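None of these values were measured; they are calculated from a predicted model.
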There are 2 protein chains.
Amino acid sequence: MSSDKLPTRDKILKASLYLLETGNGDGVRMGDIAKRAGISRQALYLHFATRAELLVAVTHYLDKLHGTDQRLAASRAAKSGVERLDAYIDAWGNFIPEIYGVAKALLAMRDRDEAAAEAWDARMQDVRHGCAAAITALRDDGMLSEDYSQTRAIDILWTMLSVRNWQQLTIQCGWSQKEYITHMKSLARKVFVKA
Amino acid sequence: MSSDKLPTRDKILKASLYLLETGNGDGVRMGDIAKRAGISRQALYLHFATRAELLVAVTHYLDKLHGTDQRLAASRAAKSGVERLDAYIDAWGNFIPEIYGVAKALLAMRDRDEAAAEAWDARMQDVRHGCAAAITALRDDGMLSEDYSQTRAIDILWTMLSVRNWQQLTIQCGWSQKEYITHMKSLARKVFVKA
DNA sequence: CCAATAACTTGACACTGTGTCAATTGACAA
DNA sequence: TTGTCAATTGACACAGTGTCAAGTTATTGG
């Protein structure tokens, strides 16, 4: 392993990420992670009290690796509201496949594990802020359709862009990533941009 | 209990349904169901080999109770394609809250349990057929937007009307059921009906 | 009336995966 | 030397599912 000299915490994060991203995302157990990181299962608990806590840390690690904040923030550079909507869909939509392994594991825990649910919801709240910014920009341009209140428009965009929907459309329905992005953009325009 | 004279199998289904629908849908264990049905946990296994199998049976039982098929089929009576789209959204959209307890439990198992996943997917395939019928009716009227192929349009409608989306919009975003239905109809028109 | 059968009960147990606890080791530093 | 920190080993509690075996009860048919 090339990570022999990394601090243990980083070895754990790296190992978790590897297992989450390769494999199908199923069955990444604490023991599996420990083995991959080359430490004992108990050493894991020295660094992360629970599996949920570890998974949350992995999402943060992932964000740092991919520069999520910057990439999402980039959509704010767009001039018009419509461009900004497009840019946001581009940024977030192309981000989903990169985080999918981790997202899937967190999502699977969501229904049972309080901590995992909170962690996931917190991250989705960030996405919601991005959606809100895009919708607000549209409204400020006077281009937001009058069919929905601003809040409802945000609710809809946020729901449209959920990881679950991405999963259904790409993985289940077989859309290519490119198709996903273009269709989502077209959808968003039809729904939100004043005719 | 008023179900003393029911066959055991029905007592089990009834008890499962009760627990799934009341409670938050969490923690409906085999033991809980047995207790509620007034039988031993092991007797459950005499009727259903696994929890997944039981849950599937519950969905069928539920369908019979609510007359799902008839209600969904009713949307076929609509004359124009647009009316039919509306009618389908009405029928299915108002059906979701009734099955939500069971759906939630099945959905929570989906990620881990192969059998549960298959059962759920099979049921969602039925919904897809309904979506396909609505989209086809629209196309036959020459009213389907040319922005999407028929398959893609079905994919989109199907995804829009997913239980997960209903959950997010009503339970998380706080939409009323009425609001959900009207917004979904408006959304579908904007997206699918030729301008 | 006896015997077979089916439905059910009781209780013990295996298995998986998470999380806990305690005793121990090895390294490095004051 | 002593202290301390990170890690190790191994045992264990706990939940929940599913299995197994032996015993009970009621019904029914010869």
Side-chain angles (χ1 to χ4, degrees), chain A residues 1 3-16 19-20 23-58 102 104-120, chain B residues 1 3-16 19-20 23-58 104-119:
Chain A
M1 209 166 300
S3 51
D4 272 354
K5 44 188 342 205
L6 283 175
T8 305
R9 190 188 151 90
D10 291 328
K11 281 201 279 185
I12 295 171
L13 292 173
K14 200 176 166 185
S16 307
L19 292 174
L20 254 4
N24 43 12
D26 287 345
V28 179
R29 293 170 291 262
M30 294 299 263
D32 300 327
I33 296 169
K35 187 184 276 182
R36 171 93 202 164
I39 59 170
S40 66
R41 193 171 70 91
Q42 282 55 37
L44 235 53
Y45 287 99
L46 256 28
H47 294 269
F48 304 96
T50 66
R51 186 171 130 90
E53 190 179 316
L54 168 56
L55 286 176
V56 174
V58 172
V102 182
K104 194 178 166 192
L106 228 29
L107 239 18
M109 299 186 63
R110 216 208 97 103
D111 303 294
R112 302 163 282 156
D113 186 312
E114 192 58 33
E118 259 177 61
W120 177 256
Chain B
M1 208 165 301
S3 51
D4 271 353
K5 43 188 348 207
L6 282 175
T8 305
R9 191 189 150 90
D10 291 329
K11 282 202 278 185
I12 295 171
L13 292 173
K14 198 176 167 184
S16 306
L19 292 174
L20 254 4
N24 42 14
D26 288 344
V28 179
R29 293 169 291 263
M30 295 300 262
D32 300 327
I33 295 169
K35 188 184 276 180
R36 170 93 203 165
I39 60 170
S40 68
R41 192 171 71 89
Q42 280 56 37
L44 235 51
Y45 287 98
L46 255 27
H47 294 268
F48 304 96
T50 66
R51 187 171 131 87
E53 190 180 317
L54 168 55
L55 287 176
V56 173
V58 171
K104 194 179 167 190
L106 226 30
L107 238 17
M109 298 186 64
R110 216 208 99 102
D111 302 295
R112 300 164 282 156
D113 187 311
E114 192 59 32
E118 257 178 63

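- One distance of note links CG of A:D32 with CZ of A:R41; it measures 11.0 Å at 0.5 Å rounding.
- Note: A:H47 NE2 to A:E53 CD = 12.0 Å, rounded to the nearest 0.5 Å.
- To the nearest 0.5 Å, the span separating CZ on A:R110 from CG on B:L107 amounts to 11.0 Å.
- For DNA chain C, the contact window with chain B, defined by any atom under 4.0 Å from a protein heavy atom, covers C:dC8 to C:dA12 in 5' to 3' order.
- With rounding to whole Å, B:R29 atom CZ is found 10 Å from D:dA15 atom P.
- The CD atom of B:Q42 sits 17 Å away from the P atom of D:dG23 (whole-angstrom rounding).
- Residue B:R9 is out of contact with every strand shown, counting any heavy-atom pair closer than 4.0 Å.
- Under the 4.5 Å side-chain criterion, counting only non-hydrogen atoms from C-beta, A:L106 is not in contact with A:V58.
- Here the side chains of B:L54 and B:I33 are in contact, with some heavy-atom distance below 4.5 Å.
- At least one side-chain heavy atom of B:M30 sits under 4.5 Å from a side-chain heavy atom of B:Y45.
- Remark: P of D:dA15 and CZ of B:R51 are 17 Å apart, rounded to the nearest angstrom.
- One interatomic measurement links the two molecules: CE of B:M30 to P of D:dA15, which rounds to 19 Å at whole-angstrom precision.
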